[in-house]
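Below: the structure, in structure tokens.
This chain uses plain numbering: 1 for the first residue, then up along the sequence. Owing to the predicted nature of the structure, the values given are computational and were not obtained by experimental measurement.
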Amino acid sequence: MRRSDDGRENIKRFSHRLSVACALPLWLSACAGAPVLWSDPEPQSIQVRQVGALRDCASPQEGARIQLFETGEAARAWAAARQRDRLVRDVRPGRPYAVIELGTASSLGSGIAVRSQAVRIGKRVRLEASLFQGGAAPAPCVVVALPPGIDAQHTVAVYDTDGQRIAASQP
């Protein structure tokens with residue numbers, strides 16, 4: 001009787017090992033199609049449009065900054081509080097906007113122009129801008145129309161043509 005028990009145990013062990021050996025490639029192949037959770041999404045080219053600019057935005061801070069507005073109404077309210085309605089006269093409701101301020105007595109330049117081609121990678125948006133020197137501008141700023149879907153959870157950053165970051169919003 002002892003021999004048949006040993007035989008059954010050997011068969012059980014063998015069948016368990018066989019099932020694991022057969023299932024392992026299936027498990028591994030199932031994981032191969034899953035997205036890698038720690039990698040960034042693919043960069044997407046997006047279109048943005050500079051819709052306003054002022055040489056004096058009445059900016060209270062010295063450094064450059066970006067403010068993200070989820071709606072045109074919010075951007076208009078911000079401009080109205082600063083008595084800078086001309087900056088947002090072409091702002092439309094229902095889409096997001098970013099206001100880029102170079103700050104008071106800016107060492108960055110007296111003007112800024114944002115390129116219409118931008119890049120979106122997940123929750124990050126990268127804008128590129130040219131900075132202009134010459135003439136004393138108290139606090140230049142621009143307003144940029146962003147594509148739908150950009151919200152307060154995104155970080156919008158602007159870089160100069162040399163790739164140096166000028167400013168970034170805080171999500």
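A 4.5 Å side-chain heavy-atom check between Leu131 and Leu102 finds at least one atom pair inside the cut-off. Residues Val99 and Val142 fail the side-chain proximity criterion, which asks for heavy atoms closer than 4.5 Å. Contact of the Leu127 side chain with the Ile100 side chain is registered, since non-hydrogen atoms from C-beta on lie closer than 4.5 Å. Side-chain atoms of Ile46 and Val119, non-hydrogen and from C-beta on, never get closer than 4.5 Å to each other. Contact of the Val51 side chain with the Val144 side chain is not registered, since no non-hydrogen atoms from C-beta on lie closer than 4.5 Å. Under the 4.5 Å side-chain criterion, counting only non-hydrogen atoms from C-beta, Arg120 is in contact with His154. Between Val125 and Thr155, every side-chain heavy-atom pair lies at or beyond the 4.5 Å cut-off.
Checked by atom type and distance alone, the side chain of Arg55 never pairs as donor or acceptor with a backbone atom of Ala139 at under 3.5 Å. A donor-acceptor pair under 3.5 Å is absent between the side-chain atoms of Glu101 and the main chain of Arg65, judged by distance alone. Counting only distance, with no hydrogens or angles, the side chain of Tyr97 and the backbone of Arg92 share a donor-acceptor pair below 3.5 Å. Between the side chain of Glu128 and the main chain of Val158, no donor-acceptor pair closer than 3.5 Å is present.
Closest approach of Trp78 to Cys57, counting heavy atoms only: CH2-SG, 3.7 Å. The two residues Pro148 and Pro96 make their nearest non-hydrogen contact at CA-CD, 4.0 Å. In terms of heavy-atom proximity, Val48 sits nearest to Ala118 at CG1-CB, 4.0 Å.
Under a hydrophobic clustering in which Ile, Leu, Val, Met, Phe, Trp and Tyr are joined whenever their side-chain heavy atoms come within less than 4.5 Å, directly or via other members, Phe69 and Val114 fall into different clusters. Connection of Val143 to Ile66 is not established within any shared hydrophobic cluster, with ILVMFWY side chains joined at heavy-atom distances below 4.5 Å, either directly or through further cluster members.
Distance check: Arg95 CZ to Ile150 CD1 gives 10.5 Å after rounding to the nearest 0.5 Å.
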Under 3.5 Å, side-chain donor or acceptor atoms of residues 79-89 against the rest of the protein: list the pairs with distances, not counting sequence neighbours.
unit_1: Arg82; atom_1: NE; unit_2: Ala58; atom_2: O; d: 3.4
unit_1: Arg84; atom_1: NE; unit_2: Asp56; atom_2: O; d: 2.9
unit_1: Arg84; atom_1: NH1; unit_2: Arg82; atom_2: O; d: 3.4

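Contacts classified as side chain to side chain donor-acceptor pair (under 3.5 Å) and involving residues 159-171 (residues at least two apart or in different chains) are not found.
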